[in-house]
Amino acid sequence: MTSVNDLRSSFVGYFARNGHEEVASSPLVPRNDPTLMFTNAGMVQFKNVFTGVEKRPYSTATTAQKCVRAGGKHNDLDNVGFTARHHTFFEMLGNFSFGDYFKDRAIELAWTLLTRDWGLPRDKLMVTVYEDDDEAFGLWKKIAGLSEDRIVRLGAESNFWQMGDTGPCGPCSEIFYDHGDKIWGGPPGSPEEDGDRWIEIWNLVFMQFEQQADGSRSGLPHPSIDTGMGLERIAAVMQGVHDNYDIDLFKALIAAAANATNAEVDGPGNRSLRVIADHLRSMSFLIAEGVLPSNEGRGYVLRRIMRRAMRHATLLGAEEPVIHRLVPALVREMGQAYPELVRGEAMIAETVRLEEGRFLKTLGRGLQILEAETAGLGEGATLDGATAFKLYDTYGFPLDLTQDALRARNIGVDQAGFDAAMAQQKAEARRSWAGSGEAATDSVWFGLADRLGPTEFLGYETETAEGEI
Ligand code: ATP
Ligand code: MG
Ligand code: MG
Ligand code: MG
């Protein structure tokens with residue numbers, strides 16, 4: 001079996017042999033890029049190289065990049081536990097050309113790796129191209145020998161790649177793998193595409209433009225290549241399993257979670273085990289970089305991820321903090337590739353344990369309230385916004401945790417009502433504030449309050465230093 005760790009080096013080694021510079025993963029918290037919450041693709045660290053602003057001593061590169069998609073333009077938080085192929089944290093394998101090779105070499109390198117070095121059967125593969133990219137269409141025919149019915153033309157929504165609202169972008173071409181007719185889903189472009197039968201494994205982006213904040217697009221100085229392949233997805237293919245959560249790495253994490261909660265891996269709690277295994281990775285990698293749970297920005301995304309995992313542990317029957325006990329399993333699986341996990345192990349576990357302690361104080365009571373308020377609701381019903389806000393404000397339930405908790409029962413949450421309750425609370429705080437009499441000071445205070453949002457009830461720990469991180 002090809003392990004995840006072997007595959008990572010196999011990919012990077014292949015591109016290194018083909019003249020690419022091996023570059024380390026950049027941090028999840030992008031340096032000097034306030035437009036982006038977390039690194040969500042391999043190209044992020046090369047953004048300025050594509051636009052020509054920054055020069056590097058090499059013109060081609062390869063990486064295994066840590067990515068988090070749990071907020072912003074690419075957000076897969078709600079997919080975790082529901083699809084076979086999405087994680088909040090994953091590794092993106094990539095090869096890059098900065099004005100060096102373009103479409104033909106990129107297609108040739110990708111096709112050779114997949115079908116020759118890794119031996120994937122060509123009749124299991126299919127590709128998409130941007131609708132008017134005749135060049136890419138022709139190259140797939142010529143280089144890979146694919147028949148025309150295996151090359152699908154699709155529109156901008158799926159085949160035009162953008163990192164965010166600004167930055168380098170371009171048409172792309174994606175490679176899909178067919179996991180077989182026992183699994184529901186159809187080929188790319190078909191109405192059943194969203195099923196998990198045909199899984200997108202690799203995206204080749206032909207970087208040609210730079211998206212400006214004013215909506216206009218300018219040409220890049222040199223056409224370039226940016227590719228991204230999900231390590232966990234290709235590991236599933238290479239290990240002969242359909243589901244990312246059945247690869248060696250996830251099996252180990254899920255086994256650890258099952259062990260800590262006394263749950264059965266294939267029992268009714270399987271979805272919770274997947275969520276815990278997934279969220280364990282994103283929280284640990286973020287904390288290893290110094291992100292801490294808080295009530296705003298990146299810290300709040302982290303807190304949402306942590307609390308979701310904690311609720312799922314509770315669902316499995318855990319009454320004590322357990323997530324922090326899973327950190328060593330992650331370090332065993334990924335510590336060699338990512339030494340920051342080894343260095344940060346104690347700090348990660350302690351940060352998770354503190355957050356568990358904080359949240360478990362109010363989680364049980366919050367769940368009781370949620371239960372009571374939704375007992376009479378049937379499928380398709382909506383929980384009122386005031387209750388969702390109370391859960392948020394008093395019991396520390398991020399809105400998406402409440403949504404996640406109700407999703408299995410097909411109950412929605414009145415988001416407008418939630419927002420209104422939040423706005424009302426802010427207005428009341430403003431009224432009850434007599435004011436310092438200095439307009440300037442007051443406007444600073446309210447500006448801050450608006451930006452930071454209401455303070456969550458953190459139990460009684462707020463009195464002590466330990467309660468605050
Ligand atoms: P999908 O359509 O399946 O959500 P995507 O088109 O959003 O994937 P890209 O932005 O093209 O993904 O990213 C490049 C590659 O990274 C994908 O082809 C896939 O292999 C991998 N990938 C993307 N998102 C995830 C995720 N949430 N978890 C695991 N792998 C991912
Ligand atoms: Mg996606
Ligand atoms: Mg896609
Ligand atoms: Mg894609």
Side-chain angles (χ1 to χ4, degrees), residues 4 7-8 11 25 28 36-44 63-96 106 110 113-114 120 125-130 136 152 154-164 167-177 179 183 185-190 192-207 225-238 242-247 249-250 274-275 277-279 281-282 285 301 305:
V4 167
L7 264 176
R8 187 191 298 110
F11 180 97
S25 173
L28 286 169
L36 193 61
M37 176 134 330
F38 298 119
T39 298
N40 57 15
M43 57 76 66
V44 169
T63 60
Q65 174 67 49
K66 305 184 274 188
C67 294
V68 165
R69 294 192 173 181
K73 190 171 176 65
H74 295 272
N75 185 354
D76 287 322
L77 190 55
D78 291 330
N79 287 323
V80 173
F82 290 94
T83 72
R85 67 185 200 278
H86 288 105
H87 308 293
T88 52
F89 171 95
F90 65 100
E91 288 177 79
M92 195 184 284
L93 304 169
N95 58 289
F96 307 89
L113 175 62
L114 292 177
L120 293 185
L125 298 167
M126 198 167 162
V127 304
T128 63
V129 297
Y130 183 52
V152 185
L154 293 177
E157 205 183 298
S158 56
N159 283 57
F160 196 92
W161 203 89
Q162 280 179 267
M163 175 196 81
C169 55
C172 67
S173 183
E174 300 193 315
I175 306 174
F176 285 71
Y177 182 84
H179 281 273
I183 295 142
S190 73
E192 299 84 31
E193 153 168 9
D194 257 354
D196 271 335
R197 174 176 168 179
W198 288 88
I199 287 192
E200 175 191 328
I201 51 173
W202 203 347
N203 188 354
L204 315 183
V205 184
F206 310 131
M207 288 287 187
I225 292 294
D226 149 38
T227 87
M229 169 157 63
L231 172 59
E232 300 79 0
R233 292 190 191 184
I234 192 65
V237 170
M238 298 298 287
H242 163 241
D243 197 306
N244 279 20
Y245 291 85
D246 287 330
I247 63 176
L249 165 64
F250 268 99
R274 289 160 168 256
V275 173
D278 173 84
H279 290 12
R281 295 210 304 169
S282 38
F285 273 94
V301 175
I305 292 171

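As the structure lists them, so they are numbered: ligands from 1, and atoms in each ligand from 1.
On a distance-only criterion, E232 and ligand 1 share no N/O pair closer than 3.5 Å. Geometrically, ligand 1 and N244 share no nitrogen or oxygen pair separated by less than 3.5 Å.
For atom 22 (N) of ligand 1, the nearest protein heavy atom (residue, atom name, distance) is F90 CE1, 3.5 Å. Counting only heavy atoms of the protein, atom 11 (O) of ligand 1 lies nearest to N203 ND2, 2.7 Å. The shortest contact between atom 28 (N) of ligand 1 and any protein heavy atom is with H87 N, 3.0 Å. Annotation: atom 14 (C) of ligand 1 to nearest protein heavy atom, G228 O, 3.5 Å. Scanning all protein heavy atoms for the shortest distance to atom 27 (N) of ligand 1 gives D76 OD2, 2.7 Å. From the protein, the heavy atom lying nearest to atom 19 (C) of ligand 1 is R233 NH1, 3.4 Å. Looking only at protein heavy atoms, the nearest one to atom 20 (O) of ligand 1 is G230 N, 2.9 Å. The protein atom (non-hydrogen) at minimum distance from atom 8 (O) of ligand 1 is E200 OE1, 3.5 Å.
Side chain of T227 to backbone of N95: a donor-acceptor contact under 3.5 angstrom is found. For R233 (side chain) and I201 (main-chain N/O), no donor-acceptor pair under 3.5 Å exists by modelled atom type. Here the side chain of S173 pairs a donor or acceptor atom with the backbone of T128 at under 3.5 angstrom. Proximity of a side-chain donor or acceptor of S25 to a complementary backbone N or O of K66 within less than 3.5 Å is detected. Of the possible donor and acceptor atoms, none in the side chain of N40 sits under 3.5 Å from a partner among the backbone N and O of V68.
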Item to complete: Give the intermediate values and the outcome of side chain to side chain contact (heavy atoms under 4.5 Å, CB included) for residues L93 and R8.
Response: CA-CA 7 Å; L93 304 169; R8 187 191 298 110; 4.2 Å; yes
Worksheet item: Hey, mind stepping through D243 and F250 against side chain to side chain contact (heavy atoms under 4.5 Å, CB included) and telling me if it holds?
Response: CA-CA 10 Å; D243 197 306; F250 268 99; over 6 Å; no
Fill in: V152 and F176: CA distance, side-chain angles, deciding distance, side chain to side chain contact (heavy atoms under 4.5 Å, CB included) verdict
CA-CA 11 Å; V152 185; F176 285 71; over 6 Å; no
Worksheet entry | Worked check of side chain to side chain contact (heavy atoms under 4.5 Å, CB included) between R281 and L249 | CA-CA 11 Å; R281 295 210 304 169; L249 165 64; 3.2 Å; yes
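No side-chain heavy atom of P188 sits less than 4.5 Å from a side-chain heavy atom of E174. Using a 4.5 Å heavy-atom cutoff, the side chains of L231 and I247 are not in contact.
Comparing M229, E91, E193, R85 against atom 29 (C) of ligand 1, the shortest heavy-atom distance belongs to R85. Across H86, R69, Q65, M43, heavy-atom proximity to atom 12 (O) of ligand 1 is greatest for R69.
By the criterion of a separation under 2.8 Å, the protein N/O/S atoms near the Mg ion (ligand 4) amount to E174 OE2, E200 OE2.
Only the backbone of W202 comes within 4.0 Å of ligand 1, counting heavy atoms alone; no side-chain atom from C-beta on gets that close.
Taking every heavy atom of I201 and a limit of under 4.0 angstrom, the matching atoms of ligand 1 come to 18 (O), 20 (O). Listed by number with element, the atoms of ligand 1 under 4.0 angstrom from any heavy atom of M92 are 13 (O), 14 (C), 16 (O). Close approach of ligand 1 to E174 (heavy-atom distance below 4.0 Å) involves ligand atoms 6 (O), 11 (O).
Ring planes of F89 and F285: parallel class, angle under 30° (limits at 30 and 60°).
In terms of the salt bridge (charged side-chain N to carboxylate O under 4.0 Å, His left out) criterion, residue partners of R85 (sequence neighbours excluded) are, by chain and number, D196.
Closest approach of E91 and E232 over heavy atoms only: N-OE2, 3.0 Å.
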